Engineer: 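Following this message is one structure expressed as structure tokens.
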Amino acid sequence: MVADAAYLLVQSMSESSWLDNYNWLQPIGEGGMGSVYLAEDKRNGNAPCVIKQIKYEYKDLASQAEMIKVCQREADLLRKLNHRGIVKFLDDHYSVEGLYVVMEYIPGSNLEGVMNKEGPLDSETVVRIGLQCCDVLEYLHSAEPPIIYRDLKPSNLMLRPDGLVVFIDFGIARDFEPKGPATRVVTSGYSPPEQYFGKPEPRGDLYSLGATMHHLLTGVRPKPLTPCRPASLNSGVMPQLDALIFQLTAHDKDERPPSARAVQYELFQIYQIMHPDFEIPDLGIEDEIEEVTRERREDLLAEARLRTMRNPRGSSNREKRRTDREDDEIDDTESGGVAGLFARFKEWVDNITGRR
Ligand SMILES: Nc1ncnc2c1ncn2[C@@H]1O[C@H](COP(=O)(O)OP(=O)(O)OP(=O)(O)O)[C@@H](O)[C@H]1O
Ligand SMILES: [Mg+2]
């Protein structure tokens, strides 16, 4: 305890010099735990960065010191992560005032902001976003021990101008509850039932992914603890996507798909129905796909090919305008709106194939 108090004292003395490492530009977000600022790193040629300040609510020194330990453990873990879909951590600092986490600045907008500006997104855009989320989740879930993200929702995902999706908020310090189960983090609508009882597991992230996709497709926040049926609110949602989201948000985790990789495979199949010429990259799970699923997919694909032959621009009416635009703009970085934001999607898919 004495050592912890001394540690805090030294930290607070070095506070102002640490803050001086940065030009603090402007606040860009306000969350439940603190504030997020855009800044420049003076030690790195004024490179833009983002500093998240988390203020301590615990008055006594013992709780603060314990919270610092929890945060440090989590920061150490995050420092080791290396994935293009995860924000890079640059620095952290602890003091009596609070905790600071410095990370790379991700240009673009978070998906909640995108939705507020553009309205609900079309099936194709949501599939592309979902595919990228699965890649990050698979990476996290395959870590030893598995890392469970626990807070997947539109405001925690940045959409960069080139269409790449980046997870930004690793809820540092969030899973700290003095004397309570350290894993209880709940965001109404996105959290799976099991998270309410403090038992997170990888398939909980799949539930949140389903709830997030539902929100993106409909513009309507998912109802807490209720399986999502986006097609009931937006008739333009592809039936296969609706069915997958329903399965993802199943109350019982055993009824959800088994892994993020399996969801990614399903999403690639849906993408292939939209673009019959698209080749699904080898995800290494082909052998696990049951024969019935394979046959169903072949039927759907044959149907999609027929449709494309009859009507090269064929898609449901509701989504037609946007899909038309996207067909033309898939490789055009300059085009406006979300539909034009996927210039690097093909490169992203190629990269998946290259990694295996
Ligand atoms: N690295 C970053 N690059 C660009 N913008 C960021 C970055 N980190 C955070 N932001 C912006 O700040 C907002 C809030 O950040 P974050 O989600 O980390 O904080 P929060 O306190 O958890 O907020 P909330 O409770 O709303 O999730 C994000 O939605 C995003 O718009
Ligand atoms: Mg957040």
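Whatever order the structure lists them in is the order used to number ligands and atoms, beginning at 1. Worth saying up front: this structure is predicted, and the values here are computed from it rather than measured.
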Engineer: Got a salt bridge between Arg79 and Asp92, using NZ or NE/NH1/NH2 to carboxylate O under 4.0 Å?
Structural biologist: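 Looking at Asp92 together with Arg79, the answer is yes, because their closest N to O distance falls below 4.0 Å.
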
Engineer: Is it the case that ligand 1 has an N or O less than 3.5 angstrom from some N or O of Glu30?
Structural biologist: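 There is no such contact.
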
Engineer: So if I count the atoms of ligand 1 from 1 in the order they appear, which ones are less than 4.0 Å from some heavy atom of Met103?
Structural biologist: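 Under 4.0 Å from Met103, ligand 1 has these atoms: 1 (N).
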
Engineer: Looking at Ile129, Asp205, Leu206, Val263, which one forms a side chain to side chain contact (heavy atoms under 4.5 Å, CB included) with Cys134?
Structural biologist: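 One option only clears the test, and that one is Val263.
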
Engineer: Enumerate the atoms of ligand 1 whose separation from the nearest heavy atom of Ile28 is less than 4.0 angstrom.
Structural biologist: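 Answer, ordered by atom number: 5 (N), 6 (C).
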
Engineer: For the residue pair Met274 and Met238, what are the closest heavy atoms and their distance?
Structural biologist: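 Shortest heavy-atom separation between Met274 and Met238 comes out as CE-SD, 3.2 Å.
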
Engineer: What are the atoms of ligand 1, with element, lying closer than 4.0 Å to any heavy atom of Asn110?
Structural biologist: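 Answer, ordered by atom number: 28 (C), 29 (O), 30 (C), 31 (O).
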
Engineer: Nearest non-hydrogen atom to atom 1 (N) of ligand 1 belongs to which of Arg160, Lys153, Glu104?
Structural biologist: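 Shortest heavy-atom distance from atom 1 (N) of ligand 1: Glu104.
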
Engineer: Measure across Tyr94 and Ala75 and return the closest heavy-atom pair with its distance rounded to 0.1 Å.
Structural biologist: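 Looks like OH-CB, 3.6 Å.
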
Engineer: With heavy atoms of Val87 as the reference, note each atom of ligand 1 found under 4.0 Å away.
Structural biologist: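 Selected atoms, number and element: 1 (N).
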
Engineer: For the residue pair Tyr190 and Arg221, confirm or rule out a side-chain donor-acceptor distance under 3.5 Å.
Structural biologist: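 No, because no side-chain N or O of Tyr190 sits under 3.5 Å from a partner of the opposite role on Arg221.
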
Engineer: Any N/O/S atom, backbone or side chain, of Asp169 lying under 2.8 Å from the Mg ion (ligand 2)?
Structural biologist: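 Of the N, O and S atoms in Asp169, at least one lies under 2.8 Å from the Mg ion (ligand 2), which means yes.
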
Engineer: Polar contacts were defined as any N/O atom of the residue lying under 3.5 Å from an N/O atom of the ligand; does this apply to Ile106 and ligand 1?
Structural biologist: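 Ile106 vs ligand 1: N/O contact under 3.5 Å present.
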
Engineer: Below 3.5 Å, can you tabulate the donor-acceptor pairs from side chains in residues 106-114 to any protein atom, sequence neighbours excluded?
Structural biologist:
{"unit_1": "Asn110", "atom_1": "OD1", "unit_2": "Glu112", "atom_2": "N", "d": "2.9"}
{"unit_1": "Asn110", "atom_1": "OD1", "unit_2": "Gly113", "atom_2": "N", "d": "2.9"}

Engineer: Is the Mg ion (ligand 2) under 2.8 Å from any N, O or S atom of Asn156?
Structural biologist: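 Yes, Asn156 qualifies, because one of its backbone or side-chain N, O or S atoms lies under 2.8 Å.
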
Engineer: Around atom NZ of Lys223, are there more than 12 heavy atoms of other residues, nucleotides or ligands at under 6.0 Å?
Structural biologist: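 No.
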
Engineer: For Tyr149 and Phe170, what are the C-alpha separation, side-chain angles and deciding distance, and is it a ring-ring contact (aromatic ring centres under 6.0 Å, His included)?
Structural biologist: CA-CA 7 Å; Tyr149 183 67; Phe170 276 75; 5.0 Å; yes

Engineer: Find out whether the Lys NZ or Arg CZ of Arg229 is both under 6.0 angstrom from the six-membered ring centre of Phe246 and within 45° of the ring's axis.
Structural biologist: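 Because its charged atom sits under 6.0 Å from the ring centre and within 45° of the axis, Arg229 does stack over Phe246.
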
Engineer: Taking only non-hydrogen atoms of Glu112, do any sit less than 4.0 angstrom from ligand 1?
Structural biologist: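 No, Glu112 has no heavy atoms under 4.0 Å from ligand 1.
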
Engineer: Out of all atoms in ligand 1, which are within 4.0 Å of some heavy atom of Ser155? Include the element for each.
Structural biologist: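 With Ser155 as reference, the close atoms of ligand 1 come out as 27 (O), 28 (C), 29 (O).
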
Engineer: If you measure from atom 16 (P) of ligand 1 to every heavy atom of Leu38, Asp151, Asp169, which option wins on shortest distance?
Structural biologist: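 Answer by nearest heavy atom: Asp169.
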
Engineer: Can you list the ligand 1 atoms lying under 4.0 Å from a non-hydrogen atom of Asn156?
Structural biologist: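 Going through ligand 1 atom by atom, the ones under 4.0 Å from Asn156 are 17 (O), 27 (O).
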
Engineer: Can you find an N or O of Tyr105 that's nearer than 3.5 Å to an N or O of ligand 1?
Structural biologist: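 It does not: no N or O of Tyr105 is found under 3.5 Å from an N or O of ligand 1.
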
